[in-house]
Chemist: 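Mind looking over this structure? Questions follow.
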Amino acid sequence: MIKLTYLAHSSFLVECGKTKIVFDPWLKGGAYLNQWHLWPLPPEGAENIKADAILLSHGHEDHLHPETLKVLHKDSQVFFPFQWRAGIKSYLKHIGFKNITEAISFKEYQVNDVRIVYISYSLESVVVIEYGGEVLVNINDALNSNHENAVDFILKELKTRWPKIDYLLSGWSGASYFPNQVRYPGKDDMEIGKLREQFFANNFFRFTNELQPQWGVPFAPGFMLLQQENQWINHVKFPRYKAEEYYKEHFENTAATKFLIAFPGDEIENGVLKKNSHFHELDESLHYEGAYLHYDKEIKKVSVTEYVNDAEIDLLVGKLEHWINYNKILYNPVVLHDVVFSIKLNDTNEGIYINVAWKDKGFVVAKSIALLPDRRVLVNTSAKKLLYGLERTWGGDVLTIGYGLTVDVYTQLTLEKNLDIVCIRLITRYPISRKDLAKYPFRALRFYSYNPKLTSLWLKQKITLKPYVNKYPYNERDHWLTYNKCDLCAVCKMPEINLSAYSKI
């Protein structure tokens with residue numbers, strides 16, 4: 001029989017007899033340049049668990065967490081989804097793991113008497129564990145924001161291959177600068193933040209209704225933001241204790257599933273939740289009060305600005321000009337000619353801006369004490385975060401996932417043209433698919449041959465349809481910024497509810 005212990009954030013200990021398996025361990029330290037902090041905290045000594053296997057769902061830092069992985073026992077077998085990009089295996093070897101498996105989709109792997117199956121799409125994955133006649137499906141955050149065709153395909157495959165699912169584990173929340181960090185005239189940040197969280201919760205209920213598990217276990221967000229201007233985001237999360245009420249009220253055929261709401265340290269066995277966490281005794285409105293006390297020193301530290309000097313600003317200008325012009329191959333020239341934006345650096349003594357505009361055949365990046373008057377977008381961030389992000393291959397996550405920026409958008413036309421997306425992508429460092437496909441052609445062919453259906457869906461989305469920003473169509477993203485609540489719920493196919501009844505804020 002499977003026994004679960006919720007550790008923190010997206011991490012669970014799964015005990016199958018004597019076999020111990022850990023999902024996505026983030027058990028100590030911060031993430032995304034220390035912008036994310038664990039809350040509630042994991043049980044004491046969680047990072048000392050000696051696991052037979054560590055199952056990593058994808059490469060985001062809060063799932064593949066370097067500081068945690070470095071202290072875990074290195075004799076554990078590590079699984080990571082096989083991707084057409086290379087590099088993860090050598091990285092895991094570098095930090096000391098010896099037994100590493102790049103899991104091929106739908107292939108069955110064995111750890112002692114436990115069966116493990118990965119189903120990967122793009123850079124994320126669903127993981128299935130079978131033991132003692134029980135089936136556990138961890139969809140993590142692999143389905144929340146992916147293309148509907150891929151989501152429907154994966155749900156159908158799960159239902160066909162595992163018609164009886166005992167446990168369905170799923171992430172519950174969003175983690176992105178959009179829409180919370182996008183400022184737009186007339187936008188109610190708090191209301192939109194709550195609606196966005198309802199959207200992700202509603203997705204989980206949709207997946208639950210399709211798969212009909214015996215027990216649904218929504219988890220995360222198990223992190224908090226410390227900066228004063230971002231603390232409101234901690235309080236817009238959709239309350240998990242309302243799961244069963246919401247599900248039964250807004251979905252049909254709901255009798256099959258019972259929801260288990262766990263906090264770190266809680267145990268689940270045979271569908272019974274053993275409440276070891278004191279959080280069950282606290283009113284939800286008080287959950288973050290303890291967090292602000294616990295992280296008092298860290299909050300004081302982030303409230304003090306560490307100013308950069310002129311040399312660092314000049315270095316940043318040079319790096320931005322290089323990477324912006326490197327990233328320009330992502331977009332049609334017609335799009336690029338319309339890109340005019342400014343970056344406000346909040347860690348300079350003199351109120352320095354960096355202005356970016358197209359000239360002739362490339363972008364010109366210049367330091368200034370004034371904003372561009374014809375700017376389409378204003379990005380607010382720090383030189384420190386920009387420099388950190390541009391020095392690392394996946395450094396853009398510090399800004400986009402880590403809530404390291406805000407974006408001011410002024411007009412509907414800018415949204416329709418997706419210029420906010422273009423500006424953010426230009427100043428962030430990420431691998432470029434076409435370059436990596438050329439770099440790893442044989443690995444890419446293997447990836448396709450292992451999973452042709454899902455890969456074809458991904459290629460259709462990325463290549464055949466092309467990114468929307470290349471052709472300026474009306475983009476559905478803008479309804480999060482410009483629609484009223486009623487219209488937004490209708491477009492997102494979710495029920496309109498009284499948000500105040502579902503929140504303590």
Side-chain angles (χ1 to χ4, degrees), residues 2 4-15 20-32 35-43 46-47 49 51 53-69 72 76 78-81 88 103 116 118-129 136-146 167-176 197 200-201 203-204 207-208 215-225 233-234 237-238 240 243 259-268 277 279 287 291 397 401-403:
I2 292 174
L4 298 171
T5 302
Y6 185 35
L7 298 178
H9 191 54
S10 299
S11 184
F12 283 81
L13 169 64
V14 184
E15 295 178 82
K20 293 184 177 181
I21 296 170
V22 173
F23 277 117
D24 289 342
W26 173 24
L27 303 173
K28 61 176 296 182
Y32 303 113
Q35 295 177 102
W36 284 27
H37 289 74
L38 284 166
W39 193 262
L41 297 172
E47 70 271 21
I49 293 170
I54 299 169
L55 307 186
L56 303 172
S57 62
H58 61 289
H60 285 151
E61 189 179 342
D62 55 309
H63 297 261
L64 190 155
H65 188 252
E67 190 175 344
T68 300
L69 289 172
L72 292 178
S76 301
V78 182
F79 288 82
F80 190 86
I88 189 63
I116 299 168
Y118 270 70
I119 304 172
S120 301
Y121 176 73
S122 184
L123 298 177
E124 296 171 327
S125 62
V126 173
V127 186
V128 182
I129 287 177
L136 180 152
V137 176
N138 186 358
I139 61 177
N140 218 299
D141 49 12
L143 303 185
N144 258 336
S145 57
N146 268 315
Y167 295 100
L168 179 66
L169 278 56
S170 176
W172 181 256
S173 178
S176 169
E197 294 300 314
F200 288 116
N203 278 348
F204 166 68
F207 307 151
T208 300
W215 297 293
V217 186
F219 60 83
F223 72 93
M224 64 173 295
L225 305 174
I233 298 172
N234 299 329
K237 310 304 183 185
F238 196 85
R240 290 181 300 154
F259 294 96
L260 304 173
I261 309 304
F263 289 101
D266 288 349
E267 301 170 0
I268 299 170
S277 172
F279 275 82
H287 284 188
D397 286 350
I401 299 177
Y403 297 96

Chemist: Just to verify, what does A53 make a side chain to side chain contact (heavy atoms under 4.5 Å, CB included) with, not counting sequence neighbours?
Modeler: I21, L55, F79, V111

Chemist: Please name all residues satisfying side-chain hydrogen bond (donor to acceptor under 3.5 Å, both in side chains) with H65, sequence neighbours left out, ordered by chain then number.
Modeler: W26, T68

Chemist: For D397, what residues pass the side-chain hydrogen bond (donor to acceptor under 3.5 Å, both in side chains) criterion, not counting sequence neighbours?
Modeler: Y430

Chemist: I'd like to check the side chain to side chain contact (heavy atoms under 4.5 Å, CB included) partners of A220; sequence neighbours left out, ordered by chain and number.
Modeler: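 By the side chain to side chain contact (heavy atoms under 4.5 Å, CB included) rule, A220 matches H9, S10.
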
Chemist: Taking only residues two or more places apart in sequence, or in another chain, which ones meet E267 in a salt bridge (Lys or Arg N to Asp or Glu O under 4.0 Å)?
Modeler: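 Result, salt bridge (Lys or Arg N to Asp or Glu O under 4.0 Å) vs E267: K3.
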
Chemist: Please identify each residue that fulfils ring-ring contact (aromatic ring centres under 6.0 Å, His included) with F80, with sequence neighbours left out.
Modeler: none

Chemist: Can you list everything that forms a side-chain hydrogen bond (donor to acceptor under 3.5 Å, both in side chains) with N234? Sequence neighbours excluded, please.
Modeler: Y292

Chemist: Please identify each residue that fulfils side chain to side chain contact (heavy atoms under 4.5 Å, CB included) with S170, with sequence neighbours left out.
Modeler: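 S170 satisfies side chain to side chain contact (heavy atoms under 4.5 Å, CB included) with I139, F204 only.
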
Chemist: Looking at residues at least two apart in the chain, or sitting in another chain, which of them share a ring-ring contact (aromatic ring centres under 6.0 Å, His included) with F219?
Modeler: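 F219 satisfies ring-ring contact (aromatic ring centres under 6.0 Å, His included) with F12 once adjacent residues are dropped.
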
Chemist: Which residues satisfy the ring-ring contact (aromatic ring centres under 6.0 Å, His included) test with F207, sequence neighbours excluded?
Modeler: none

Chemist: List for me each residue that meets ring-ring contact (aromatic ring centres under 6.0 Å, His included) alongside H58, sequence neighbours excluded, and say none if there are none.
Modeler: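 Listed in chain order: H60, H63.
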
Chemist: Which residues pass the side-chain hydrogen bond (donor to acceptor under 3.5 Å, both in side chains) test with S277, not counting sequence neighbours?
Modeler: none

